[in-house]
Each structure stands twice: as C-alpha cells, then as structure tokens.
*Asks:* 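I'd like to ask you about the structure that follows.
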Amino acid sequence: MSRIKRGVTTRAKHKRVLEQAKGYYGRRKNTIRIAKQAVEKAGQYAYRDRKVKKRSFRGLWIQRINAAVRAEGLTYSQFMHGVKLAGIDLDRKVMADLAMNEGGVFTAIIAQAKAALPKAA
C-alpha cells in the first residue's frame, strides 16, 4: 500500500482561507485556525445581512413615500389603500423613485389614490 501525502491539498485549502481573510485585523489574517473561524463567521454575517438589506431598503422606500404623501395631506396607509383601490400596480421601490425624482408624476398618482378613497361620512 502506497503512502498518501496531502501537503499540496492542505496548503491549497489554507491558502484559500487566508486569501478570504485578507485585510482582517491581527492574527485573523495570517493564522489558519483563527482565520478559518473569522471567514466562517463573516460568511454567516454576509448571508444574514443579504436578507436584512432587503428589509432596510423596504423601510427606506416607505419613509420616502410617506414624506412625499404627507406633503399632499395624506398618510402612508391611506395612500397605499387608495393606490390599491385605484388599481395602480407599482411597487414601493418604483413609487419611492418617482417621489424622489419625478414629483409631478407622483403627484398625479396621489391624486388618483385620493379619488379612489371612499368619502368619509
């Protein structure tokens, strides 16, 4: 039975981990045991924060829409209800962009949403 030498594959694995840990502080960048833990934890944070990023942007879009709508005398929830009743199929990302960059177009959408709302008795 011949002897199996694994130095090449081990070195390649270590090299890959240390390459990913490049730029880390202290021994996290050059000691394999610590770098491996740091890279693994960084991957967990990256995975989690890809989901958090979506939540954060949705919140930002809602804030921008709310600010633009309140200037016209509505609240965000009233506006969204009016949009649904008016049958306007724009998502929050697009509406926030319109509110920021195309004020006239967004004002027209607000007018449509207001018209679709039922009159309070």
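None of these values were measured; they are calculated from a predicted model.
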*Asks:* Treating Ile, Leu, Val, Met, Phe, Trp and Tyr as nodes and any side-chain heavy-atom pair under 4.5 angstrom as an edge, say whether Phe106 and Ile88 lie in one connected cluster.
*Replies:*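 Same hydrophobic cluster.
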*Asks:* Which atom pair, heavy atoms only, marks the closest approach of Arg92 to Ile65?
*Replies:*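 For Arg92 and Ile65, the tightest heavy-atom pair comes out as O-CD1, 3.6 Å.
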*Asks:* Would Val94 end up clustered with Ile110 when hydrophobic side chains under 4.5 Å apart are linked, directly or stepwise?
*Replies:*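 Both belong to a single hydrophobic cluster.
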*Asks:* If you round to the nearest 0.5 Å, how far is OH of Tyr76 from CD of Gln63?
*Replies:* 11.0 Å
*Asks:* Could you check whether atom CG of Asp89 has more than 12 heavy atoms from other residues, nucleotides or ligands sitting under 6.0 Å from it?
*Replies:*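 For Asp89, atom CG is not crowded (no more than 12 foreign heavy atoms under 6.0 Å).
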*Asks:* Would you compute the distance between atom CD of Glu72 and atom CD1 of Ile109 and round it to the nearest 0.5 angstrom?
*Replies:*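 Those atoms lie 11.5 Å apart.
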*Asks:* Can you tell me how far NE2 of His14 sits from OG1 of Thr9, rounded to the nearest 0.5 angstrom?
*Replies:*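 That separation rounds to 9.0 Å.
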*Asks:* Which pairs would a plain distance check flag for residues 35-61, meaning a side-chain donor or acceptor within less than 3.5 Å of a matching protein atom at least two apart in sequence or in another chain?
*Replies:*
residue, atom, partner, partner atom, Å
Lys54, NZ, Arg50, O, 3.1
Ser56, OG, Val52, O, 3.0

*Asks:* Closest heavy-atom contact between Thr75 and Val69?
*Replies:* O-CG1, 3.6 Å
*Asks:* Enter the distance from Ser77:OG to Asn66:CG here, rounded to the nearest 0.5 Å.
*Replies:*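 Ser77 OG to Asn66 CG: 8.5 Å, rounded to 0.5 Å.
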*Asks:* Do you know which two heavy atoms are closest between Ala96 and Arg64, and how far apart they sit?
*Replies:* CB-CB, 4.2 Å
*Asks:* Specify the closest pair of heavy atoms between Gln78 and Leu117, including all atoms of both residues, with the distance to one decimal.
*Replies:*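 Where Gln78 meets Leu117 most closely, the heavy atoms are O-CD2, 3.6 Å.
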*Asks:* Hey, could you give me the CD1/NZ distance between Ile32 and Lys15, rounded to the nearest 0.5 Å?
*Replies:* 12.5 Å
*Asks:* State yes or no: do Val105 and Val83 share one hydrophobic cluster built from I, L, V, M, F, W and Y residues joined by side-chain heavy-atom distances below 4.5 Å, directly or via other members?
*Replies:*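 In one cluster with Val105: Val83, yes.
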*Asks:* Show the numbers, then the answer: is there a side-chain contact (heavy atoms from CB on, under 4.5 Å) between Met80 and Met95?
*Replies:* CA-CA 11 Å; Met80 291 310 287; Met95 281 199 268; 3.9 Å; yes
*Asks:* As an exercise, state the distance from OH of Tyr24 to CG of Leu18, rounded to the nearest 0.5 Å.
*Replies:*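 It comes to 11.0 Å.
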